[in-house]
Participant: 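Mind looking over this structure? Questions follow.
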Amino acid sequence: MKRTLLCALLALSLLLTVGCGSQNASSSAPAASSGAVSSGTADAIPEYKTPNYSIGLLDNGFYEGVTALDHVTLPALEGLVIPKDVQTVEETAVQAEIAVLMESYAYTEEIRDRAVKDGDRVNIDYVGRVNGVAFDGGNTQGAGTVVTAGSTEYVDDFLTQIIGAKPGDTVMVEVTFPTPYTNPDLAGKDAVFETVINYIEGDTITPELTDAFVKENLQERYGYTGAANMQEEIRQMLRKDQVTAYVLEDLYAKCSFKDVPEKLVDDQCEFMRVELGNIAHYNNAPLGMILSYYGWTTLDEAYAANRPEFLMYIEQYLMCQAVAEKLNMVVDDTAIENYFATVVGGSNPATYISYYGKGYVAQDVLVDMVTTYLLDNAAYQ
């Protein structure tokens with residue numbers, strides 16, 4: 001079961017952060033932009049607010065003030081039939097999962113034995129100065145940044161001037177800032193960027209899957225002992241994911257719901273409002289711009305558009321709470337610790353609780369307990 005609303009909002013946040021290309025005062029890139037883009041709205045930029053992931057939840061993962069069995073009619077919990085095809089994992093799925101994992105260990109070849117050519121991706125550091133004085137936002141602080149030689153990413157012909165230099169060289173890049181410019185204090189001024197060529201980016205290299213690689217990089221974190229063991233463990237993980245998703249969806253389809261408390265929907269609307277405000281804050285944009293990106297003009301429109309998803313999300317967790325009530329399941333500190341020791345791989349639950357709140361963490365533990373019961377008592381074809 002996925003927390004789909006949160007995932008969607010986080011994805012939107014990342015998309016907007018990359019897509020808007022907003023430049024703030026801390027940006028170190030001498031960007032080519034000649035002026036800030038107006039949002040066309042007078043809305044204030046929202047202040048950041050800490051999201052309450054545990055909104056409406058008790059520390060045991062139950063909805064506060066709600067008896068789920070008053071709103072959910074459950075079918076028989078034993079003997080849910082799991083078809084054979086649901087238990088079968090396609091080899092392509094296993095290899096796709098392995099590919100994603102191996103790509104996370106991919107690295108870029110660093111070329112240091114030739115000169116920079118037009119179109120090369122180049123890692124550089126620079127310090128910008130006007131009349132010999134360094135200015136704010138014109139320094140990579142030695143962190144390195146990757147640019148495309150010959151492109152117009154930076155002001156004037158900055159990135160044309162690094163063509164022909166070799167890694168290790170220092171190039172005194174001379175530019176004139178345009179008028180107007182995002183930073184009015186720099187508009188029309190001449191500047192010199194002391195630029196160090198660190199290296200030229202080559203091909204992206206994905207390591208070969210071998211027993212040695214697994215033992216060196218994956219054994220401590222995942223417990224894999226070799227390449228064959230890794231593939232089998234991933235196969236079993238995918239099988240469990242498929243079976244779990246099926247049994248929860250099957251149970252949900254067989255449940256009936258009535259009079260779902262409106263407060264639970266209101267809580268999701270409030271969580272969405274805070275998240276949208278934070279997306280606007282991070283993008284230095286008014287809330288209206290973020291709403292319009294999604295095709296909404298008001299928060300009420302956003303709530304109405306997402307209400308069906310909110311309701312399904314709530315019904316799914318009400319279903320799990322109802323099962324827990326019927327079976328007298330208890331999510332206490334011991335249950336949380338066991339969950340993190342066996343499911344999350346030994347992570348410290350206190351870290352998650354401090355960020356998400358105990359109710360949110362306990363609700364995930366509750367879902368795992370319910371799922372385990374259903375799988376242990378299912379009929380496997």
Participant: Quick one: do the Q95 and Q231 side chains pair a donor with an acceptor below 3.5 Å?
Facilitator: yes

Participant: Within a strict 4.5 Å, meaning less than it, do heavy atoms of the Y154 and F193 side chains meet?
Facilitator: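 No; the side chains remain at least 4.5 Å from each other.
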
Participant: Identify every side-chain donor-acceptor pair in residues 56-70 under 3.5 Å, counting partners at least two apart or on other chains, and give the distances.
Facilitator:
from: N60; atom 1: OD1; to: F62; atom 2: N; distance (Å): 3.0

Participant: Can you list every pair that meets ring pair (Phe, Tyr, Trp, His ring centres under 6.0 Å) and has a residue in residues 204-236, with sequence neighbours left out?
Facilitator: Y105-F213, Y222-Y224

Participant: Does any part of the side chain of V146, heavy atoms only, come nearer than 4.5 Å to the side chain of V122, both counted from C-beta?
Facilitator: no

Participant: With sequence neighbours left out, write down each residue that passes side chain to side chain donor-acceptor pair (under 3.5 Å) with D120, or none if nothing qualifies.
Facilitator: R114

Participant: Once ring pair (Phe, Tyr, Trp, His ring centres under 6.0 Å) is applied, what residue pairs with a partner in residues 233-255 remain, sequence neighbours excluded?
Facilitator: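 Sorted result for residues 233-255: Y252-F257.
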
Participant: Do L327 and L77 come within less than 4.5 Å of each other through their side chains, counting heavy atoms only?
Facilitator: yes

Participant: Within a radius of less than 6.0 Å around CD of E78, do more than 12 heavy atoms belonging to other residues, nucleotides or ligands occur?
Facilitator: yes

Participant: Are there over 12 heavy-atom neighbours, none belonging to D85, within less than 6.0 Å of that residue's CG?
Facilitator: yes

Participant: Can you list everything that forms a salt bridge (Lys or Arg N to Asp or Glu O under 4.0 Å) with D250? Sequence neighbours excluded, please.
Facilitator: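 Partners of D250 under the salt bridge (Lys or Arg N to Asp or Glu O under 4.0 Å) test: K254.
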
Participant: When rounded to the nearest 0.5 angstrom, what distance separates CD in E90 from CG in L238?
Facilitator: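 The CG atom of L238 is 11.0 Å from CD of E90, to the nearest 0.5 Å.
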
Participant: Quick one: are L74 and K326 in side-chain contact, heavy atoms under 4.5 Å?
Facilitator: yes

Participant: Among residues at least two apart in sequence or on other chains, which ones pass side chain to side chain donor-acceptor pair (under 3.5 Å) with K263?
Facilitator: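 For K263 the side chain to side chain donor-acceptor pair (under 3.5 Å) partners, ignoring immediate neighbours, are D267.
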
Participant: With sequence neighbours excluded, tell me which residues meet salt bridge (Lys or Arg N to Asp or Glu O under 4.0 Å) with K166.
Facilitator: none

Participant: Answer yes or no: is there a side-chain heavy-atom contact under 4.5 Å between L209 and I98?
Facilitator: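 Yes; the side chains approach each other to less than 4.5 Å.
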
Participant: Can you confirm whether V196 sits close enough to I124 that some side-chain heavy atom of one is under 4.5 Å from a side-chain heavy atom of the other?
Facilitator: no

Participant: For a quick check under 3.5 Å, do T148 and E153 share a side-chain donor-acceptor pair by atom type?
Facilitator: yes

Participant: Check D125 against A143 and note the closest heavy-atom contact, atom names and distance.
Facilitator: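 Closest approach of D125 to A143, heavy atoms only: OD1-N, 3.4 Å.
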
Participant: Report the relative orientation of the aromatic rings in Y356 and Y352; use parallel for angles under 30°, tilted for 30 to 60°, perpendicular for over 60°.
Facilitator: parallel

Participant: For residues T195 and D169, determine if any side-chain heavy atom of one lies less than 4.5 Å from a side-chain heavy atom of the other.
Facilitator: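 With C-beta onward as the side chain, the pair stays apart.
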
Participant: Under the salt bridge (Lys or Arg N to Asp or Glu O under 4.0 Å) test, which residues partner E110, sequence neighbours left out?
Facilitator: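 Listed in chain order: R112.
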
Participant: Just checking E47: does its CD atom have more than 12 heavy atoms from other residues, nucleotides or ligands closer to it than 6.0 angstrom?
Facilitator: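 For E47, atom CD is not crowded (no more than 12 foreign heavy atoms under 6.0 Å).
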
Participant: May I ask you to decide if the ring planes of Y48 and Y282 are parallel, tilted or perpendicular, using 30° and 60° as cut-offs?
Facilitator: tilted

Participant: Taking the basic N atoms (NZ, or NE/NH1/NH2) and the acidic carboxylate oxygens, is any pair closer than 4.0 Å for R307 and E262?
Facilitator: yes

Participant: May I have all residue pairs that pass salt bridge (Lys or Arg N to Asp or Glu O under 4.0 Å) and include part of residues 232-244, sequence neighbours excluded?
Facilitator: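 Output for this query lists E91-R235, E232-R235.
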
Participant: Only counting residues at least two apart or in another chain, list the ones meeting salt bridge (Lys or Arg N to Asp or Glu O under 4.0 Å) with E109.
Facilitator: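 Listed in chain order: nothing, the list is empty.
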
Participant: Transitive ILVMFWY cluster of I205 at side-chain heavy atoms under 4.5 Å: who else is in it?
Facilitator: Y107

Participant: Could you tell me whether the side chain of T371 and the main chain of M369 form a donor-acceptor pair under 3.5 Å?
Facilitator: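 Side chain of T371 to backbone of M369, a donor-acceptor pair under 3.5 Å: no, none is there.
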
Participant: Is the closest side-chain heavy-atom distance between F271 and F310 below 4.5 Å?
Facilitator: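 They are not in side-chain contact.
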
Participant: Mind checking side chain to side chain donor-acceptor pair (under 3.5 Å) for T176 and listing every partner two or more places apart, or none if nothing turns up?
Facilitator: D190

Participant: Can you establish whether the number of heavy atoms outside Y373 located under 6.0 Å from its atom OH is more than 12?
Facilitator: yes

